[in-house]
Amino acid sequence: MKILHVVSEVAPWSTTGGLAHVAGALPAAQARHGGLGVQVAIVAPAYRDSIARVERAGRRLIDTGIDFSVELAGARQHGRALAIEPSDAAPVFLLDCPAMFEREGIYGHADDALRFGLLSRGAIDVSDRILGGMPDILHAHDWPAGLVPAYARAVVGDWMKDTRCVFTIHNLAYQGVFPKQRVAELGVPWWTFTHDRLEFYDQLSMLKAGIAFSDAVTTVSPTYAAEILTPAHGAHLDGFLRDSARRLTGILNGIDVAAWDPSNDPHIAAPFSPARFERKAENRAALLTEVDLDAADGPVFGVVTRLADQKGMDLVAEMVPQLPELGARLVLLGSGDHWLEDRFRLLASWFPRHLAVRIGYDEALAHRIYAGSDAILAPSRFEPCGLTQMYAMRYGALPIAHAVGGLRDTVIDPGDAELARGNGTGIRFEHATAEGLLWAVRRTCDFYRRDPAGWRTAAVSIMQRDVSWSSSARAYLALYDSLWS
Ligand code: ADP
């Protein structure tokens, strides 16, 4: 089986969040679990920064000689596929088209519809030459690759008749909605511009394109798969999704357990494991020193996040004034909405002994926060899957999560007494309000102080949970297989 993933970001070459982490890990896990009969590759854009990152990593970009040419908005764009070498189990090909991709940043350009149209069309055009034969599965991720299934079915037609299309929704909140004149500029036929295909309130929706033209649609947790069929979480697409529900399943994300391994992590102060859990304390002390907080007897909370409304960080900001009374510390790393960045900077200046804030995207510091924190906050208003709670578990930090989406599927809260016996995986609260979060944080602080031995048992037990890609990689392979039966 030949599988091609098409995605706008892939770790470690281009990253804004969870999508890149998934694209960087799932294909390799599929290659591992699929055995000899399975061949997997990834196509993503060659952004200026990705080219620099490949060089910094000591890898090379090889011109494969595989080229493509696409007409967009009356201009012909030429590109080539570059291979990253030496390659991993799932080779990554970067589409080089400087006019479209050699820019600062990944998203937010006026011609994003055309840029990601080019990714989608270019990936199709190079697919057979990259894989040495037609792909059996074209697996497109999120709105930037939403036109992949649309091109495959409505433009390319017969050439791809034996290829099945799978589309994964990593976050329904981002839909890739553009003015309808883009439809013609992208070379997509007008008959697709209907309410059950590409049209969304008289505009083009790339996310709908991906859903409408795929043989199977997945999202990244079972609970989110059910939630998006409701008006509360459907982002105005719940009706359309209900009509597509037969093709929709939820498959939980995993994490890359080799890159996130506390017993072998170059970023952290002291390696630790369930058998050597006491060494986590060294990471805790090192983290507090690094961010200029005093040693604390109460718990250290960590947050690593995009600063966006989705993540519920305004609730965390409301809680900060309680930290002194709770005897807790909070270390926050994030970037995103400027008003939230400013609010946290200000709060850190008001509560310098209890709150440390680092604004920016810093992979290494993220590892040290997971390793050094006793608990990680995940108060998202909605969360398709969420990776932060799984990194937390792997590093023996109790996730404190709003019971929604993938957080509900992965953070199992049987109560403190059961947690102290090594059952469950974290602490959950039902309402995404400041009171809800504060209730959970208070409970965490009480549990931490009242029962240190029970806390240790809980932390060691969550480190041993399987958060790898194994079972989900198999679930995707089984889904691909089912498309032929
Ligand atoms: P999303 O994809 O919605 O941003 P996820 O939890 O699914 O959220 O995955 C994003 C991951 O990226 C987080 O788990 C976190 O570890 C990492 N991350 C987010 N923001 C930062 C940051 N500022 N610095 C380092 N890592 C970050």
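Note that the coordinates shown come from a computational prediction; the quantities given were computed from them, not determined experimentally. We count ligands from 1, going down the list as the structure has it; atoms in each ligand are counted the same way.
Looking at R358, K311, E383, H367, it is K311 that brings a heavy atom closest to atom 8 (O) of ligand 1. When the options V303, L407, V304 are ranked by their closest heavy atom to atom 26 (N) of ligand 1, first place goes to V304. When the heavy atoms of Y370, Y361, W260 are ranked by distance to atom 22 (C) of ligand 1, first place goes to Y361.
Contact atoms of ligand 1 toward G386: 6 (O), 7 (O) (distance under 4.0 Å to a heavy atom of the residue). Heavy-atom contacts of G334 reach the following atoms of ligand 1: 23 (N) (cutoff under 4.0 Å). Close contacts of ligand 1 with T388, meaning ligand atoms under 4.0 Å from a residue heavy atom, involve 6 (O), 14 (O). When each atom of ligand 1 is checked for a heavy atom of H21 under 4.0 Å away, the hits are 12 (O). Less than 4.0 angstrom separates some heavy atom of R306 from each of these atoms of ligand 1: 1 (P), 3 (O), 4 (O), 19 (C), 20 (N).
Given atom 2 (O) of ligand 1, the protein heavy atom at minimum distance is G18 N, 2.7 Å. Distance from atom 24 (N) of ligand 1 to its nearest protein heavy atom, with residue and atom name: D362 N, 3.0 Å. Ranking protein heavy atoms by distance to atom 7 (O) of ligand 1, first place goes to L387 N, 3.4 Å.
Side chains of Y395 and D265: a donor on one and an acceptor on the other come within 3.5 Å. Using a 3.5 Å distance cut-off with no hydrogens or angles, the side chains of E9 and T16 do pair a donor with an acceptor. At a cut-off of 3.5 Å, with distance as the only test, no side-chain donor of T15 or Y361 sits close to an acceptor on the other residue. Looking only at atom types and distance, the side chain of H236 has no donor-acceptor partner in the side chain of Q175 under 3.5 Å away.
Note: no N/O pair closer than 3.5 Å links Y391 and ligand 1 by distance alone. Remark: ligand 1 and E363 share no N or O pair separated by less than 3.5 Å (distance only, no angle test). Checking only distances, A366 never comes within under 3.5 Å of ligand 1, N or O to N or O.
Using a 30° and 60° split on the angle between ring planes, F116 and Y107 fall in the tilted class, from 30° to 60°.
One finds a salt bridge joining R381 and D314 here, because a Lys/Arg side-chain nitrogen approaches an Asp/Glu carboxylate oxygen to under 4.0 Å.
For H267, the ring pair (Phe, Tyr, Trp, His ring centres under 6.0 Å) partners are H367, not counting sequence neighbours.
Taking the six-membered ring for Trp, F167 and F213 have ring centres at least 6.0 Å apart. In this structure, W143 has its ring center no closer than 6.0 Å to that of Y174.
Residue T305 touches ligand 1 through its backbone alone, judged by heavy-atom distances below 4.0 Å.
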Enumerate, atom names and distances included, each donor-acceptor pair closer than 3.5 Å involving a side-chain atom of residues 214-222, sequence neighbours excluded.
| residue | atom | partner | partner atom | Å |
| --- | --- | --- | --- | --- |
| S214 | OG | G210 | O | 2.7 |
| D215 | OD2 | R153 | NH2 | 3.4 |
| D215 | OD2 | C165 | N | 2.7 |
| T218 | OG1 | T168 | OG1 | 2.7 |
| T219 | OG1 | I169 | O | 2.8 |
| S221 | OG | Y224 | N | 3.2 |
| S221 | OG | P384 | O | 2.6 |
| S221 | OG | G406 | N | 3.3 |

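At least one heavy atom of G360 sits under 4.0 Å from some atom of ligand 1.
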